[in-house]
Amino acid sequence: MTKLTIDGIEVEVPNGTSVLQACEQAGIEVPRFCYHERLSVAGNCRMCLVEVEKAPKPVASCAFPVAEGMVVKTDTPAVRAARRGVMEFLLINHPLDCPICDQGGECDLQDQAFSYGRDGSRFAEAKRAVKDKNLGPLVKTVMTRCIQCTRCVRFSAEIAGLSELGATERGESMEIGTYVEKALSSELSGNLVDICPVGALTNKPYAFVARPWELDRVDGIDVLDATGTNISICSRGGDVLRILPRVNEDVNEEWLADKGRYSVDGLKRRRLDHAWIKREGKLVKAGWQEALVHVAEKIEGVPGDRIGGVVGDLVDAESMLALRDLLVSLGSGNLDCRQDGAAIDASRRDFYTFNTSIAGIDEADAILLIGTNPRREAPVLNARIRKRQLAGGLAVGYIGEAANLTYPVRALGTGLPGLKQLLAGGAFAEVLKKAKKPMIVLGASALVGFDGAALLAAAWKLAADVGALRPDWHGFNLLHQAAGRVGALDLGFVPQAGGKDLVGMLDGGVDVLWLLGADEFDTARIGANTFVIYQGHHGDAGAARADVILPGAAYTEKTGTYVNTEGRVQRSYAAARPPGEAREDWKILRAFSAVAGKPLPYDDLPALQARLEQANPVFAHLGVLPRFGCSDLTGPAGDANALSDAAFADPMPNYYQTDVISRASPTMAECTATYVTPISVAAE
């Protein structure tokens with residue numbers, strides 16, 4: 001530890017800390033543009049100048065390490081003059097377009113100009129102009145505003161792992177851009193907008209839509225992947241206009257995947273805002289009472305074993321529990337949440353969660369990825385793996401279709417033969433055994449198919465063989481794509497004793513099928529005589545097959561609980577009202593239960609959330625994820641020796657359109673047209 005004095009305050013900080021970081025720990029704000037705590041130090045804006053005793057001139061505090069006994073002054077006439085000089089240079093070429101700049105109200109340069117700017121300029125030369133760059137459909141550029149802080153360059157190279165941005169020329173001719181004009185290909189490119197301290201990079205679909213002070217912000221959870229990214233939902237007048245990340249060090253740090261950020265325009269399109277009933281082969285509008293009575297009449301007299309329910313990937317835990325309770329009251333055990341048919345063993349929680357935790361990636365020293373492409377399935381989690389890889393001492397093995405994961409990997413095959421070789425003692429198996437904290441990451445999508453149960457058992461067996469399952473470390477991880485999947489498994493939304501799974505409910509396996517936001521399976525396989533109730537918020541595959549449509553609320557329009565891939569329980573809050581006659585899903589189910597004569601035992605959200613805790617105690621601990629090891633090595637059901645020689649398919653061929661919201665989004669449609677191309681593997 002090092003002791004120093006800052007503005008008369010004595011502080012003690014770890015060795016190697018920069019002066020700027022020490023000032024922050026002392027509660028003293030130092031202005032900066034190029035410095036960002038998650039990026040390497042560039043030291044090129046010079047806005048963070050401070051005086052250090054015995055130094056001949058002011059120093060850049062972001063790049064100056066502390067020393068024992070150092071005396072720092074952050075607010076002297078010399079420091080203020082130096083910062084004013086830097087600000088004057090920064091504004092020489094900066095355009096006077098604050099009134100029409102989308103960064104207005106959130107601009108670091110604007111804020112610092114109030115403190116250190118002059119009321120005039122001593123430079124009479126014409127301002128330089130820089131041609132705007134086309135970075136694709138997501139990031140808008142006005143490069144004349146750029147102050148060359150290089151945050152975007154460092155983010156692209158260090159966090160996103162794709163060195164697509166850089167500086168060309170020198171001095172006044174220097175420009176930031178792509179070396180060859182192309183669209184940014186990272187699934188994290190929207191974060192460039194957040195870290196840009198000026199208006200050079202802004203949100204292209206959001207351009208000229210609203211000002212920050214006009215927006216109401218509500219805390220939410222991104223449900224377009226299973227990472228559980230914490231977000232702020234920004235709305236005005238009942239319309240959700242943009243989505244931004246919130247800081248959560250244990251989950252997403254401060255990053256957000258592009259699909260979660262830019263699919264916001266899909267919330268307004270293809271919406272279901274009225275109930276519909278199919279009459280003589282055509283859907284006609286109906287009132288709520290008419291629709292619920294019609295469903296009750298169709299269900300009346302149907303045996304419980306001929307009624308089934310399937311929940312989708314974006315559904316909150318409250319709604320899933322309400323549907324489960326309703327179906328159980330009707331005598332049905334035909335429940336399923338696995339629309340893709342993945343062979344997930346729900347008998348133990350650590351069989352289907354990311355047990356190491358996302359933050360635990362920082363401690364791992366060897367990772368094996370099996371049948372997963374985390375760059376597409378969980379971009380923020382993939383950035384965490386890259387961060388750990390950059391820190392050094394991490395070996396990454398990869399079994400799956402060739403892919404550029406943004407960090408070096410050891411390619412161990414494209415299918416199950418690679419896993420069988422590791423079980424027999426392959427070279428990378430020895431790397432895992434020698435590692436202090438090895439991780440096995442299995443993609444949930446790889447469990448789809450006849451080998452699914454065997455693959456799950458084999459991956460668990462490998463984790464046990466290499467010492468990844470210990471009382472102090474749990475190295476077996478299942479990486480999900482669906483935000484609602486873990487919560488559904490926690491609630492037991494799987495076939496009950498004697499019940500049918502999704503496959504058993506198709507092809508006429510049930511007479512009545514209730515689809516709660518379920519659109520990700522082949523609805524053509526539903527029996528022709530099966531009466532289908534679709535409850536959801538978008539007109540997609542499920543609604544097209546429905547006999548009755550009950551309009552629900554999207555995740556931004558209701559308060560709901562979601563469980564991410566690591567098993568962390570989090571709550572999202574309503575930022576807008578559902579459109580038209582649409583209502584929150586649990587309220588629809590509660591209303592129907594009364595019409596059907598089977599009233600559910602809760603009338604408000606607190607009572608339903610209390611029922612959640614009763615159904616599974618994990619729902620009582622919001623935002624908390626206890627770290628735990630593995631003492632019981634008994635594996636999931638399945639024969640680990642029954643693996644075939646099948647190859648893994650691409651788990652997510654089109655990252656930009658995976659659910660009803662992103663498929664309804666014009667921005668995601670444009671991204672699909674721009675980006676969906678083959679990606680080659682990065683070899684170590």
Side-chain angles (χ1 to χ4, degrees), residues 218-231 233 251 309-329 335-339 344 346 349 352-354 444 478 480-494 496 514-518 520 535-537 552-575 578 583-590 592-593 600-626 659-661:
V218 174
D219 291 349
I221 301 297
D222 175 28
V223 303
L224 300 191
D225 64 30
T227 305
T229 299
N230 288 218
I231 59 174
I233 305 169
V251 180
V310 182
V311 295
D313 296 345
L314 310 182
V315 182
D316 57 290
E318 287 85 352
S319 301
M320 290 188 286
L321 179 61
L323 180 59
R324 180 182 180 276
D325 287 348
L326 174 63
L327 292 174
V328 169
S329 72
L335 315 172
D336 211 346
C337 62
R338 299 160 299 183
Q339 296 182 84
I344 299 173
R349 199 171 195 243
Y352 60 82
T353 54
F354 200 92
L478 195 62
H480 292 273
Q481 295 180 10
R485 184 69 56 85
V486 174
L489 295 170
D490 283 342
L491 291 171
F493 210 101
V494 292
Q496 306 301 295
W514 197 302
L515 303 180
L516 179 55
E520 311 303 325
Q535 181 180 341
H537 42 80
Y555 75 102
T556 56
E557 299 157 1
K558 59 185 174 184
T559 296
T561 304
Y562 298 90
V563 187
N564 73 347
T565 190
E566 58 180 351
R568 187 185 302 271
V569 179
Q570 302 182 106
R571 190 155 289 159
S572 185
Y573 296 93
R583 295 292 182 267
E584 295 178 41
D585 291 309
W586 77 266
K587 291 182 178 179
I588 296 171
L589 292 160
R590 174 62 182 86
F592 171 75
S593 69
L600 295 173
Y602 28 79
D603 297 322
D604 53 31
L605 191 59
L608 177 53
Q609 290 170 346
R611 169 78 179 110
L612 265 182
E613 297 176 17
Q614 180 185 6
N616 192 327
V618 300
F619 288 98
H621 306 288
L622 283 177
V624 177
L625 185 70
D659 53 80
V660 294
I661 296 175

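Of the possible donor and acceptor atoms, none in the side chain of Glu318 sits under 3.5 Å from a partner among the backbone N and O of Leu608. Between the side chain of Arg571 and the backbone N or O of Thr561 there is no donor-acceptor pair closer than 3.5 Å. A donor-acceptor pair under 3.5 Å links the side-chain atoms of Ser593 to the main chain of Leu600, judged by distance alone. Thr565 places a side-chain N or O within 3.5 Å of a backbone atom of Leu478 that can act as its donor or acceptor partner. Panel note: side chain Arg349, backbone Asp490; no donor-acceptor pair is recorded below 3.5 Å. Remark: the backbone N or O of Gln339 is not paired with any side-chain donor or acceptor of Glu520 at under 3.5 angstrom.
When all heavy atoms of Ala488 and Met320 are compared, the closest pair comes out as CB-SD, 3.4 Å. The heavy-atom pair separating Ala554 from His537 by the smallest distance is CA-CD2, 3.7 Å. Between Gly220 and Ser572, the shortest heavy-atom contact is CA-OG, 3.2 Å. Nearest heavy-atom pair, Ala575 versus Ile233, reported as atom, atom and distance to 0.1 Å: CB-CG2, 3.5 Å. Scanning both residues, Gly309 and Leu327, for their nearest heavy atoms gives CA-CD1, 3.6 Å. Summarising the geometry of Val223 relative to Ala483, their closest heavy-atom pair is O-CB, 3.2 Å, with the distance given to 0.1 Å.
Gln614 contributes atom CD, which lies 10.0 Å from atom OH of Tyr602 (distance to the nearest 0.5 angstrom). Atom-to-atom distance recorded for Asp313:CG and Gln481:CD is 8.5 Å, nearest 0.5 angstrom. To the nearest 0.5 Å, atoms OG1 (Thr227) and CG (Asp225) are separated by 3.5 Å. Here the straight-line distance linking atom CD1 of Ile588 with atom OG of Ser319 works out to 8.5 Å at 0.5 Å rounding. From Thr556, atom OG1 reaches atom OH of Tyr573 across 15.5 Å, with rounding to the nearest 0.5 Å. How far CG of Asp316 is from CG of Leu321: 10.0 Å, rounded to the nearest 0.5 Å.
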- Task: List the steps, then state whether side chain to side chain contact (heavy atoms under 4.5 Å, CB included) holds for Ile221 with Tyr555.
- Result: CA-CA 8 Å; Ile221 301 297; Tyr555 75 102; over 6 Å; no

- Message: Quick one, Phe493 with Val315, criterion side chain to side chain contact (heavy atoms under 4.5 Å, CB included). Give me CA distance, side-chain angles, the key distance, then yes/no.
- Response: CA-CA 12 Å; Phe493 210 101; Val315 182; over 6 Å; no

- Item | side chain to side chain contact (heavy atoms under 4.5 Å, CB included) between Gln496 and Arg324, intermediate numbers included | CA-CA 11 Å; Gln496 306 301 295; Arg324 180 182 180 276; 4.0 Å; yes

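Side-chain contact check for Leu323 versus Gln535: every heavy-atom pair is 4.5 Å or farther apart.
Under the rule for a side chain to side chain contact (heavy atoms under 4.5 Å, CB included), the partners of Leu489 that lie at least two apart in sequence or sit in another chain are Cys337, Ile344, Ala346, Tyr352, His480, Arg485, Val494.
Gln570 and Asn230 form a side-chain donor-acceptor contact under 3.5 Å, judged by distance and modelled atom types alone.
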